[in-house]
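Atoms considered below: every heavy atom in the structure, side chains included; atoms not considered: hydrogens, waters and symmetry mates. What you see is a predicted model; the values in this text were computed from it and never measured. To find a chain, count down the sequence lines: A is the first, B the second, and so on, and within it residues start at 1.
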Amino acid sequence: MAISSATKAATDALSVNRAPVSVGAQEVHKWMQSFTWDFDKNRTKYSTKYKMANDTKEQFKLIAKEYARMESVKDERQFGSLQDVLTRVDAANRVHPKWNESMKVISNFLEVGEYNAIAATGMLWDSASAPEQKNGYLGQVMDEIRHTNQCGYINYYFAKQGQDAAGHNDARRTRAIGPLWKGMKRVFSDGFISGDAVECSINLQLVGEACFTNPLIVAVTEWASANGDEMTPTVFLSIETDELRHMANGYQTIVSIANDEAASKYLNTDLNNAFWTQQKYFTPVLGMMFEYGSHFKVEPWVKTWNRWVYEDWGGIWIGRLGKYGVESPASLRDAKKDAYWAHHDLFLLAYALWPTGFFRVTLPTAEEAEWYEANYPGWYDMYGKVYEEWRSRGCEDPNSGFLPLQWFAENNHPIYIDRVSQVPFCPSYCKGASTLRVLEFNGKKHSFSDPWGERMWLSEPERYECQNIFEQYEGRELSEVIAEGHGVRSDGFTLISQPHTNKDGKLWTLDDIKKIGCVFADPLKAL
Amino acid sequence: MSIEVAGGRRGLTDPILAAQILAAIPDKPLETQRKMNYFMTPRGRRINEYEVLCCYTQPTPDWIPGGLDWGDWTQKFHGGRPSWSNESTEMHSSDWLKHRDPAFRWHALYVKDKAEEWRYTDRFLKAYSADGHVRSIDPVWRDEVLGDYLGAFGFSEYGLFNSHSSVVRDCLGDTIRMSSAMIALDKVDNAQMIQAERTFLAKLVPGFPESTDIPKKEWTKGAIFKSARETVEKIWQETYDWNEILFSGHMIYDPLFGQFVRREFFLRLASYYGDNLTPFFVNQMQLYHSQTKGITTDMFHTCLSADPEFGEYNDRLMRAWSDKWLPQTVNALKDFMGIFAKIPEIKGVTSKDAIQAALERVFDDWQRDYAEPIGYKVDTAALIKTVLTGLK
Ligand SMILES: [Fe+2]
Ligand SMILES: [Fe+2]
């Protein structure tokens, strides 16, 4: 440009127009796609069998500063509510005790998912080649930090102001003792970050976020609110406002690989594996947390599941991706069966293993038993009876010397852990589809509860080598394991976990457990 | 009543539900320890909110130092590579979770600051344009330096931004993961602010090209940024060790090259050429630089250099990394000297004596704040001499 004429033009322009001018986020964003450049080694550090297109666009068009503005407005509202009115009405102390316990698990486990999603989207930011797509993932990286902090805030708030701080105050340390933790890590931690980058995106975004985020984050707010908890809706609904962008990232990822030949070969298999991986844990665990971890019920889990997982996700969401060759996963039908009984099967085991938790669990009351039977006919004969027997043997009372685990041993119902999902199962006492399969590899036995997981293991056993709690604790006495894992309250001897939430009930101590002399055994060794 | 409650009835406000809930609540709290993460060692005297919300969110087993979990990963990469592992870096630590952002910023505090900066930027630009300030900018400075070379420098910031993606994936600690994402966002913010300034100028100066074409050509083909570009490419894509990425970018390249370009070139010279716009943006970048410096010096000095078990080893490794990255950075500065031939000379400001003094400030700062803490011996005078050979 000729310098002098440009300067003159600027001066002329200003003489006719002195209106204040600024620059909007989208005016900057529109140049984003040109921020990168080609060079020899410009490629991702994480291998994927798919190729993401270089011109993938991103629909939210955020820049760093606009992102910050938007999130900080939401933060003001959310933290304002928590710190102001909810604190003044003593809201944390007006939550049903059963739900207070559920939030120890829900918020902390969700935090793990959020935290690992930071790393997962870091990997996807690295894998994507289009700057807009990278930018979309960067936004998600930041969001997942936000969500990690928000989930932590729930436990922090309940610890500071609620009726039972134990477990809220140290979940990050004590969560690793019990039987739900490793399975949680499979879906929320390793499943998001370890594997083909696109496979991880499918786990995180296409299934984790698009499928299970609705029941997890939205349905949980309804259950929370019914049970007196207004903190969780305040925070979780604020989290949810970011999720739309994340689902869009997942959608764009599929679009970015749609024309790649690899997609036609592998995409549906990866999706099916990811769906099974996620549902294998979430279906039973969410159902269990809602139904068994609440006093007031919103609706039977099977209904929620059918609506959000089967119809909305399996039908509508996957349907939208149909034009890219995506099919509804083959395992969806088996999952639908799980949505009926799997959470009941799991609670039986979770209750039996209560001393290893970091939360108090409660046997179903008579009115709950009625509700279960009405919604899940056949419930009483399978589970209700057993809970009655446990209760009559004093399972809630520390002086009884009875742990429900003993019942499984007495009746010869060994509990196994599925190697791939790490979810415990009892093949001889369940109504769900769990069947025991045992395979030997490199001198080690592995148990499986379903053919989908078994197939994943058969094709890549080196990805699923993690020992389970029975192998880890084999030969060790239960109270010793709890003490080592810091499962005690600040007095140094009362357990964090308890088999009841009865306000007048006695609390179990390490000594009460020790007296029973329960020693871990690896059921696979007995085979 | 039934325990199934429909229609969005709320346990907090519905009197019937609330009565049942209150009846079930224990008369006094069951636990007296109300501090979340009470078991941890705080950086200061007490555990602060940042530490409560960030520390120990990393779910690593205890064989990765600092972790509280046990056992193996539940799913690994194809072929069996672990989710996170000690082999991801040559550095050693007795606690990968020890790092703290000295400003203790968790997400809400971080975005609050940036949101304020954005609102203020918007107000500033409006006032600046209404004031007709743009008329005072020297045309060569405006069209060539801001149009081309500031634009080209945006690519350096953008490349450094991207170098953090694998750090955010691979690093072994929660606080360092969050810090890395924040300093990355600041870097892409810098690149975006540079483009915002150019777009803004294009609105005020008819004919000023806002396109990234010329700056990109300058960055990829030109001589002035050649070594800088090569260094950034190596940090971004050739380096796999996440600590080395952070170290090369934030302990060598940016405190030398980045500081010279931002502080000693654009910030110092702008007002001499009638440009009060660029300092507005570069000052924000300098704020981010100082916050980043707090983060990375905490990581590399306070944590890794002072590690009770591995401190000496880490210092040796950082000195080796300095040997590797310093010459490339010096070359980047040497190439950048070519820019002085493109601007109208102002005696005592852009002449050799002034350039040398500027280089001395940058190298002295670096020596004091980055080299000495790891025992790295360096003859800065010789380095400056090498850089100055780039003057045309
Ligand atoms: Fe999230
Ligand atoms: Fe998300």
For each of [options], tally heavy-atom pairs with chain A at distances under 4.5 Å, and name the one with the top tally.
{"options": "B/A6, B/P82, B/S83, B/P26", "value": "B/S83"}
{"options": "B/I137, B/D186, B/D170", "value": "B/D170"}
{"options": "B/Y38, B/F200, B/Y50", "value": "B/Y38"}
{"options": "B/Q58, B/H107, B/K28", "value": "B/H107"}
{"options": "B/D131, B/L22, B/L30", "value": "B/L30"}
{"options": "B/E117, B/H164, B/M40", "value": "B/H164"}

With no hydrogens and no angle check, do the side chains of [X] and [Y] hold a donor and an acceptor under 3.5 Å apart?
{"X": "B/Q33", "Y": "A/N169", "value": "no"}
{"X": "B/E31", "Y": "A/S490", "value": "yes"}
{"X": "B/D72", "Y": "A/Y464", "value": "no"}

State, with a plain yes or no, whether a side-chain heavy atom of [X] is found less than 4.5 Å away from one of [Y].
{"X": "A/V21", "Y": "B/L125", "answer": "no"}
{"X": "B/S165", "Y": "A/K45", "answer": "no"}
{"X": "A/K182", "Y": "B/W70", "answer": "yes"}
{"X": "A/P20", "Y": "B/Y128", "answer": "no"}
{"X": "B/F155", "Y": "A/T36", "answer": "no"}

Is the count of non-hydrogen atoms from other residues, nucleotides or ligands lying under 6.0 Å from [X] atom [atom1] greater than 12?
{"X": "B/K217", "atom1": "NZ", "result": "no"}
{"X": "B/R105", "atom1": "CZ", "result": "yes"}
{"X": "B/Y240", "atom1": "OH", "result": "yes"}

Side chain / backbone / both / neither for [X] at chain A, heavy atoms under 4.5 Å:
{"X": "B/Q284", "answer": "side chain"}
{"X": "B/T220", "answer": "side chain"}
{"X": "B/T13", "answer": "neither"}
{"X": "B/F161", "answer": "both"}
{"X": "B/C171", "answer": "neither"}
{"X": "B/R123", "answer": "neither"}
{"X": "B/E197", "answer": "neither"}
{"X": "B/T239", "answer": "backbone"}
{"X": "B/D14", "answer": "neither"}
{"X": "B/V134", "answer": "side chain"}

Contacts of residues 74-81 of chain B with chain A (heavy atom under 4.5 Å):
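B/T74, B/Q75, B/K76, B/F77, B/H78, B/G79, B/G80 fall under the 4.5 Å cut-off.
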When you check the gap from the basic side-chain N to the acidic O, do [X] and [Y] get nearer than 4.0 Å?
{"X": "A/D126", "Y": "B/R169", "value": "no"}
{"X": "A/K41", "Y": "B/E233", "value": "no"}
{"X": "A/R69", "Y": "B/E116", "value": "no"}

Which pair of non-hydrogen atoms, one from A/A165 and one from B/R34, has the smallest distance, and what is that distance?
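Heavy atoms only, the tightest pair is CB-CA, 4.2 Å.
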Looking only at non-hydrogen atoms, find the nearest pair between B/L53 and A/Y156 and report the distance.
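Heavy atoms of B/L53 and A/Y156 come nearest at CD2-CD2, 4.1 Å.
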Under a 4.5 Å cutoff for heavy-atom pairs, which residue among [options] has the most contacts with chain B?
{"options": "A/V28, A/V298, A/D164, A/N149", "value": "A/N149"}
{"options": "A/I118, A/V420, A/N100", "value": "A/I118"}
{"options": "A/A64, A/S194, A/G24, A/C466", "value": "A/S194"}
{"options": "A/A120, A/S127, A/G162", "value": "A/G162"}
{"options": "A/H486, A/Q472, A/H168, A/K74", "value": "A/Q472"}

Working to the nearest 0.5 angstrom, can you tell me the gap between [X] [atom1] and [Y] [atom2]?
{"X": "A/D75", "Y": "B/L109", "atom1": "CG", "atom2": "CG", "result": "9.0 Å"}
{"X": "A/R146", "Y": "B/W106", "atom1": "CZ", "atom2": "CH2", "result": "9.5 Å"}
{"X": "B/W84", "Y": "A/S189", "atom1": "CH2", "atom2": "OG", "result": "5.0 Å"}
{"X": "A/S34", "Y": "B/Q195", "atom1": "OG", "atom2": "CD", "result": "6.5 Å"}
{"X": "B/I25", "Y": "A/T501", "atom1": "CD1", "atom2": "OG1", "result": "11.0 Å"}
{"X": "A/D40", "Y": "B/E230", "atom1": "CG", "atom2": "CD", "result": "11.0 Å"}

Heavy-atom distance under 4.5 Å to chain B: side chain of A/P131, backbone, both or neither?
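Interface part for A/P131: both.
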Can you tell me which portion of A/W371 sits under 4.5 Å from chain B's heavy atoms? Options are side chain, backbone, both or neither.
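Side chain only.
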Do the two ring centres, one from B/W219 and one from A/F35, sit under 6.0 Å apart?
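When the ring centroids of B/W219 and A/F35 are compared, they turn out to be at least 6.0 Å apart.
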Is there a side-chain hydrogen bond (donor to acceptor under 3.5 Å, both in side chains) between A/W31 and B/Q192? Walk through the geometry before answering.
CA-CA 9 Å; A/W31 297 104; B/Q192 289 166 347; over 6 Å; no
Check the pair A/F39, B/W236 against ring pair (Phe, Tyr, Trp, His ring centres under 6.0 Å), reporting the backbone distance first and the verdict last.
CA-CA 11 Å; A/F39 57 96; B/W236 173 9; 5.4 Å; yes
Salt bridge (charged side-chain N to carboxylate O under 4.0 Å, His left out) between A/R175 and B/D69, intermediate numbers included:
CA-CA 9 Å; A/R175 62 194 179 190; B/D69 200 355; over 6 Å; no
Report the residues that fulfil side chain to side chain contact (heavy atoms under 4.5 Å, CB included) with A/T121, sequence neighbours left out, ordered by chain and then residue number.
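A/Y137, A/Q140, A/V141, A/E144, A/L204, A/Q205.
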